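Inspection log for the structure reproduced underneath, given as structure tokens.
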Amino acid sequence: MNVRRGRSWRALVGAAMLWLACAPAAALNPDIRLDDYNHASWTARDGAPGEVKSLAQTPDGWLWLGTTTGLFRFDGVRFERYVLPINGEFARRRITELRAQDNGDLWISYMVGSLSVLHKDGRLEDLPAFDSKNGRVMTLAPDSDGGVWIASDNGLFLHAHGQPRKIGPDQGLPELMAKSVLLDQYGQVWTINALGLYRLDRATGKFQQVLAQANDAALIQSPDGRMWLADGQRLQPVPLALSLPPGYAPARALPRSAGFNPAESRWAGQFDRDGNLWTQHCPQGLCVVARGGQRQDAFTPVRDATDTLNPLTQMSARAANVIMEDREGNIWIATQGGLDRFRENRLIPARVPLSAGIFSMAGDTEGGVWATTQNTATAWRLAPGKAPQEERSQPFSVVANARDGALLLAGRREIERRLHGQVSKIPLPPGPDGQPTDLDVLGLQDDGKVLWMAASKVGLMGYVDGRWLPRSAFTLSPRIFLGAPGRGAGQRWHATADGMLVFNDNGKMTTYDGRALGLITSITAGEDVVAGGDQGLAVLQGQGFRMLKTDRPDALVNISGMAITADGDRWLNGAKGVVHVRRDDWRDAVDHPDAPLRYELTGALDGYPGQAMVENRLPSVFADRAGQLWFMASGGIVRLAPGQIRRNGFKPEVRVLRIDAGATSYAAKAGLRLPPGSQDLDIQFTAPGLGKPEAMRFQYRLSGVNGDWQEAGGRRTAYYTNLGPGSYSFRVRAWNDDGVPVEQEALLEFEIAPTFVQSIWFKLLCVLAAAGLLYLLYLHRMRVAVERVAERMHVRMAERERIARTLHDTFLQSVQAIILRLDVVVTTLPQDSAARKALEPILDNASDTVVEGRDQVHELRSGRIDDVERAAREAGLQLESEHPGTRFVLMVCGARVKLDALVAEEACEIGREAMRNAFHHAGAAQVEVQLIYEREHFMLQVVDNGKGMTAAEVQGENSPRHYGLVGMRERAARAGGKLDIDSAPGKGTRVTLTVPARLAYAGGVRRWWRRRQHPKAA
């Protein structure tokens, strides 16, 4: 980097203003004492490291801790060691200085003198040629052009273009230790040594001395941009005229950059955003100088401290090292034993002595706030920023306000009434015996006509026209548990012990059912009549009270007081703390019964002590004239100033940290692939929130598992079980403690590798195994079916043999005997007789019939069922001889294979029937029979070129001569095949029987190596 290079002041001003615009509004109130801050400590038992030497916060929200044992980071909940490569130097684990940049980089210096840069993307870059000879690093100041100024005990260095360069006499600096270096809001480089304060003149490239004096101090800045010299004992401002760039008017002075305090911690002290100085040199305890940054002269913290926290044993260790303010306005103290944080509570305790117990509150006409306690009969005057002042005139047990604003203080025997400085007294009624007595007043209320008083000795009484009247003198509900004044004079609301709410309008009673509220804790009659109970909150609408709904049922439980501020907002005191409801949200919930009430809860995280007070049955919220609200809780009285609530506008960066699968943890990174069997996962995520991390809210979603966003609350872990293999996308989004959403959700895409049994190959093997099992089952079923068919065939063949035997042995023999007897008779007739000539042809026919019958019997016994070719040839030749005009052709295609017996039999019969139909009815010139042996099928085709058939005749519907078609189809079905008849008038007929090879061929499917032969005519 060229130190002589000029700089554009306009650009610097714009950059400074941009830093200011990005600064969150939260800060620490200078009027709050240290004891009233929210103080948290982390030590080794909380996972915090010891000997924390430096702190820094990067823009993503992480708080980084440099320690003697390494680098750590903190998100407000968990400490995490950040492992750095040691590069052969174990001593680099000892970190001395951290410095964060606006681009997210973190500069790290080590005790051995070397430097590294941890980039936002996780890369660690070591600065070469910078080692222990350059000395121990004191402070760092990254410049805008990428270089970095290094103050060390060997002097000032500039590291630019990969090399360190010593700044010495040639650049105007003496050869002395550089205690500190600082880059201000104008881009000016400042350094300090034992001889004084120096500033770089960028035009000449040389440092010029601004203050010549002995200094052993560090450089810090106050919020107004002024430079201060701080040595731990004394703070001295640098005159504004000396710190401004040449030609810069004081009226145009810029404040310091918003990232100045979070960038690094400082040992000499720190000015917070309100200008309060925080330092640990008092001389030992932590102290604060309120508005110290607004002072014009030097001051000493030990002498000028406005508040001190002593001893340091209240912190994580007695020895404090450095102080830092984060981007949310919290103050962090690094100690030898751990880490401490100071955060402003929204609720400030009134510091009434803890022995006070049960409170009542009211205000006087001068704007004062009063509180009394029943058990000590003490009245206290309260004021913001001041200790409570005890009223010592007499014991007072209860305080209240009259309708005209007068302050009513109930003593033992009288009520003191204070109005505009005038004091009057109302004597309390006598005891039951009519004699004056001390009363312990439990409550006072003025409804505009009657001043009501309750005491244990006399019960409930009313003061009217200067007289105390007993309860019996008024029209009141029985068993009154709680009472409250109404809107108008003489109007009162009562809650009874049986859960009813009664409106008493000057003696006219109206009763409402309030049992849904449970035990009534409050009634407030203002713009709306609102009743609270231990079951919730309800509003009077029409003829009854309607319960209000919330997303958290216990948020509106035991509301014992409500105040309405000038802007119309409601402030309620309940079991969980202070409930704030904005005016528009209240009206929406009242006007829309099904809409949940939107609210903001301020509870224990903001200093609320316990729960709302309900024991005394009096209103537990009081609004003073200054607009501040006072809440009575079981742990004391707290104050809230609605107009001074500081919202946290910081938006941390949400990110996924790692995935825990069993005992193994995997860092969240792109392309993460988990090993097989990783089905139970814990996904860790976070968004740094250093102020109130418990109040941050997270939602997450895992693709393929969660349809909608899952509400995690403040939990920073997502749990998943029984995940299968595949690719997943995990998303997280977050809101800070004030409900401000982060700008971008975090995304992690990862993959779970399948186990062998989850892989596609295993699934394919399972499919193949299942298919094999099904095929084996199929073969088994086929074998069973074939055995059953064979058994039926055997039974059929046995029956055929029986029938053939019966026909041969009985019928044919009997017919043959008759023929022989007739033949004997015929031979006795004359040779030329007419009778003989008539009988001889008949006998010849009868003999032929017997021969044919014997042939049929022989066929019935043997059938030739396995020789379709022979049966077709014999039938065709016989039919051809009977029809000389029709030629018969037989063709065999493919290698002959033995047919299954059933298939052969049915094929023979189908062939004979088809040929008989063709010869007898088709009028064809040629009838061709084809036997086709294929690998997949066996086919029998009977083709003629005759006159053909109509579609109706093919179906066997219009001609009785085609009754055989039905039988042919039935035979084809029995054989396991199908029969197709293709015919049209004038185009001949083709009858085709097709049987699958597995059924047609004896022994199963033909082998693949059997080749189809050429057709052969017979």
Side-chain angles (χ1 to χ4, degrees), residues 793 797 800 804 848-849 851-934 937-946 962 964-965 967-969 971-972 974-975 977 979-983 988-995 997 999-1003 1006 1010-1018:
M793 286 296 300
M797 290 300 297
R800 288 163 64 107
D848 293 339
T849 300
V851 172
E852 183 177 358
R854 285 174 177 170
D855 292 339
Q856 291 293 329
V857 169
H858 177 70
E859 184 175 342
L860 186 63
R861 293 177 64 93
S862 60
R864 297 194 299 274
I865 60 176
D866 59 343
D867 195 349
V868 180
E869 182 180 349
R870 178 181 175 186
R873 180 180 292 108
E874 291 179 353
L877 293 177
Q878 180 179 354
L879 290 171
E880 184 182 33
S881 65
E882 294 175 359
H883 299 81
T886 303
R887 179 171 175 263
F888 169 71
V889 177
L890 175 64
M891 297 184 67
V892 178
C893 301
R896 293 176 174 83
V897 181
K898 181 179 178 60
L899 297 178
D900 180 82
L902 176 62
V903 175
E905 178 185 7
E906 302 298 351
C908 289
E909 295 302 328
I910 291 173
R912 291 191 185 108
E913 181 65 22
M915 285 189 291
R916 282 196 293 268
N917 290 338
F919 275 97
H920 293 329
H921 307 297
Q926 176 175 304
V927 176
E928 179 180 314
V929 177
Q930 298 178 4
L931 301 177
I932 304 172
Y933 297 87
E934 293 183 341
H937 302 90
F938 166 73
M939 298 177 65
L940 167 65
Q941 290 187 345
V942 179
V943 183
D944 67 66
N945 58 359
H962 295 305
L965 297 179
M968 292 166 64
R969 290 190 174 93
R971 288 180 180 275
R974 283 197 298 271
L979 186 72
D980 295 320
I981 301 176
D982 183 14
S983 181
T989 303
R990 178 186 297 270
V991 178
T992 303
L993 169 67
T994 304
V995 183
L999 301 177
Y1001 302 132
R1006 299 182 64 192
R1010 293 184 180 272
R1011 300 184 179 275
R1012 181 179 297 174
Q1013 297 181 352
H1014 295 291
K1016 179 180 178 181

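When a residue number appears, it is its place in the shown sequence, counting from 1. Because the structure is a prediction, the values reported are computed rather than measured.
Distance OG1/Thr989 to CG/Asp944: 4.5 Å, rounded to 0.5 Å. The CG atom of Leu902 lies 8.0 Å from the CZ atom of Arg974; values are rounded to the nearest 0.5 Å. Between the OG1 atom of Thr992 and the CD1 atom of Ile932 there is a distance of 8.0 Å, given to the nearest 0.5 Å.
Screening Arg916, Arg912, Glu874 for a side-chain contact (heavy atoms from CB on, under 4.5 Å) involving Leu879 leaves a single residue, Arg916.
The shortest heavy-atom contact between Leu890 and Ala872 is CD1-CB, 4.3 Å. Nearest heavy atoms, Met915 versus Ala875: CE-CB, 3.6 Å. In terms of heavy atoms, Val903 sits closest to Ala975 at CG2-O, 3.8 Å. The shortest heavy-atom contact between Cys908 and Ala871 is SG-CB, 3.8 Å. Of all heavy-atom pairs spanning Ser983 and Gly988, the tightest one is OG-O, 3.1 Å. Residues Val897 and Tyr933 come closest through the heavy atom pair O-CE2, 3.4 Å.
Taking the side chain as every heavy atom from C-beta outward, Glu913 and Glu909 never approach each other to under 4.5 Å. Side-chain contact between Val995 and Tyr1001 is absent, with no heavy atoms from C-beta onward closer than 4.5 Å. Proximity of Leu999 to Asp900: side-chain heavy atoms (C-beta onward) are nowhere separated by under 4.5 Å. Side-chain contact between Leu940 and Val929: present, with at least one pair of heavy atoms (C-beta onward) separated by less than 4.5 Å. Glu869 places a side-chain heavy atom less than 4.5 Å from the side chain of Arg873. Between Val927 and Thr886, some side-chain heavy-atom pair lies under the 4.5 Å cut-off.
A ring pair (Phe, Tyr, Trp, His ring centres under 6.0 Å) check over residues 868-887, counting only residues at least two apart or in different chains, returns the pairs His883-Phe919, His883-His920.
Legend: residues meeting side-chain hydrogen bond (donor to acceptor under 3.5 Å, both in side chains) with Gln930, ordered by chain and number and at least two apart, are Glu928. Scored by the salt bridge (charged side-chain N to carboxylate O under 4.0 Å, His left out) test, Arg971 finds Glu906 as partners (sequence neighbours excluded).
Remark: side-chain polar atoms of Asn945 are paired, donor with acceptor, to backbone N or O of Ala925 under 3.5 angstrom.
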Applying side-chain contact (heavy atoms from CB on, under 4.5 Å), run through Ile981 and Arg969 and close with a yes or a no. CA-CA 10 Å; Ile981 301 176; Arg969 290 190 174 93; 3.7 Å; yes
